[in-house]
Amino acid sequence: PVSRGRISQVTLAGHAVCASDASRAGATRPVRGAWASVGEGSTVRRFADGAGLWLFHGAGSTEWGLKLSNMAVPRVAVPAVGSLPHTDADEAVDFALERQPRLPAAPSLPQMSPVEGMIPQAAWGIPGVLVLPDGSLLVDEAAVDPDAPLEPGLDDAPFASLRAFLDAVTGRVAPFKIQLTGPVTLGLALHAVGVPADRAFPVAGKAVSTRVHEVLDSARHVAPGATPLVFLDEPGLTAALEPGFPLGVDDTLDLVSSAL
């Protein structure tokens, strides 16, 4: 695959990719590690970090409002967004609680473990998808099935920092924030390695929805008196209005809405 034109800022697997513009020089630039065939005739493909430059291009932005009048959330609280650079989960949790005591955010630490990056964490447990230690995915597109259940994952490596955070907020009554990769972004990653859109996005939607409920159940178990806020991180939406986007606008909105 190649990328053309303006590339908006992307965060993928914990790595910030700054904006650039190849269109001014009419350049065509290969995308590092977007996907690679594992073997001739194989349905297995590999997805790596560099594909973010190709998946999430687009310059549009949308501001969303959230009415907090009926929620036990500080009206002017500003949560953290994205991953932290720490390499120790306990230190990262202490940092989050100390710096934003009113609305702390559960950290993700891709520098500690690449599998805590956005795409590998979201893809963990999907049948037909193997998350490799470097955070890349090995995908057997023929085995990716919307009817297959997501495997439990909160006790595994991609959620080590989340577990440390939930331990720290046990008994808390004030709100806290948890962030998960959204289904559009995950679906684009699966589609990039050959999973047809009519399977990639349903699989992604089911995976994210299942994980949201799993995370919320765990959060409510340790802090039943608190209000957990779940944010979906969706850099893939920056390309939703671009020509050739593999999902219609209404279907895109329905996919994100259904995940929560």
Side-chain angles (χ1 to χ4, degrees), residues 11-16 46-49 52 79-101 103-139 149-172 174-183 185-186 189-190 204 206-224 226 228-235 259-260:
T11 300
L12 178 65
H15 302 288
R46 180 168 175 167
F47 176 88
D49 288 359
V81 176
S83 58
L84 292 179
H86 296 70
T87 56
D88 181 273
D90 291 333
E91 290 181 2
V93 170
D94 290 343
F95 177 85
L97 293 171
E98 177 186 346
R99 297 304 179 94
Q100 294 182 304
L103 189 57
S108 59
L109 306 179
Q111 298 298 322
M112 179 183 75
S113 173
V115 298
E116 286 209 10
M118 285 183 61
I119 298 299
Q121 186 185 71
W124 190 268
I126 296 177
V129 178
L130 176 64
V131 178
L132 301 179
D134 66 355
S136 59
L137 310 181
L138 204 59
V139 181
L150 183 73
E151 298 171 5
L154 293 191
D155 292 331
D156 297 331
F159 300 95
S161 299
L162 175 60
R163 293 196 302 273
F165 180 81
L166 292 178
D167 286 343
V169 299
T170 297
R172 181 182 172 93
F176 53 87
K177 176 202 170 192
I178 298 171
Q179 180 173 293
L180 296 170
T181 303
T185 300
L186 176 57
L190 297 176
K206 183 174 183 178
V208 173
S209 178
T210 300
R211 197 69 78 204
V212 165
H213 286 89
E214 186 180 11
V215 167
L216 278 176
D217 286 345
S218 296
R220 289 166 176 157
H221 176 73
V222 301
L229 300 178
V230 174
F231 281 57
L232 293 181
D233 196 357
E234 280 286 24
L260 293 175

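Just so it is clear, the model here is predicted, and its values are computed rather than measured. Along the sequence shown, residues are numbered consecutively beginning with 1.
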Straight-line distance of [X] [atom1] to [Y] [atom2], nearest 0.5 Å:
X: Thr170; Y: His221; atom1: OG1; atom2: NE2; result: 8.5 Å
X: Arg211; Y: Glu151; atom1: CZ; atom2: CD; result: 9.0 Å
X: Ile126; Y: Leu150; atom1: CD1; atom2: CG; result: 6.5 Å
X: Ser108; Y: Met118; atom1: OG; atom2: CE; result: 9.0 Å
X: Ser83; Y: Asp233; atom1: OG; atom2: CG; result: 9.5 Å
X: Phe159; Y: Leu166; atom1: CZ; atom2: CG; result: 11.0 Å

Grab the two heavy atoms, one from [X] and one from [Y], that are nearest each other, plus how far apart they are.
X: Glu214; Y: Gly153; answer: OE2-N, 3.5 Å
X: Leu103; Y: Pro79; answer: CD2-CB, 4.0 Å
X: Asp90; Y: Ala164; answer: OD1-CB, 4.0 Å
X: Ile119; Y: Thr185; answer: CD1-CG2, 3.8 Å
X: Met112; Y: Ala160; answer: CE-CB, 4.3 Å
X: Pro228; Y: Leu216; answer: CG-CD2, 3.9 Å

Pro158 backbone acceptor or donor facing Asp156 side chain under 3.5 Å: no
Expected output: side-chain Lys177 to main-chain Ala80 donor-acceptor under 3.5 Å: yes
Should [X] and [Y] count as side-chain neighbours, where that means a heavy-atom distance under 4.5 Å?
X: Thr181; Y: Val208; value: no
X: Glu234; Y: Pro183; value: yes
X: Pro133; Y: Val115; value: no

Derivation and outcome, side-chain contact (heavy atoms from CB on, under 4.5 Å), residues Leu109 and Thr87: CA-CA 7 Å; Leu109 306 179; Thr87 56; over 6 Å; no
Phe95 and His86 aromatic ring geometry - parallel, tilted or perpendicular at 30°/60° bounds: tilted
Worked check of side-chain contact (heavy atoms from CB on, under 4.5 Å) between Gln121 and Leu180: CA-CA 8 Å; Gln121 186 185 71; Leu180 296 170; 4.3 Å; yes
side-chain contact (heavy atoms from CB on, under 4.5 Å) assessment of Asp167 paired with Val222: CA-CA 7 Å; Asp167 286 343; Val222 301; 5.7 Å; no
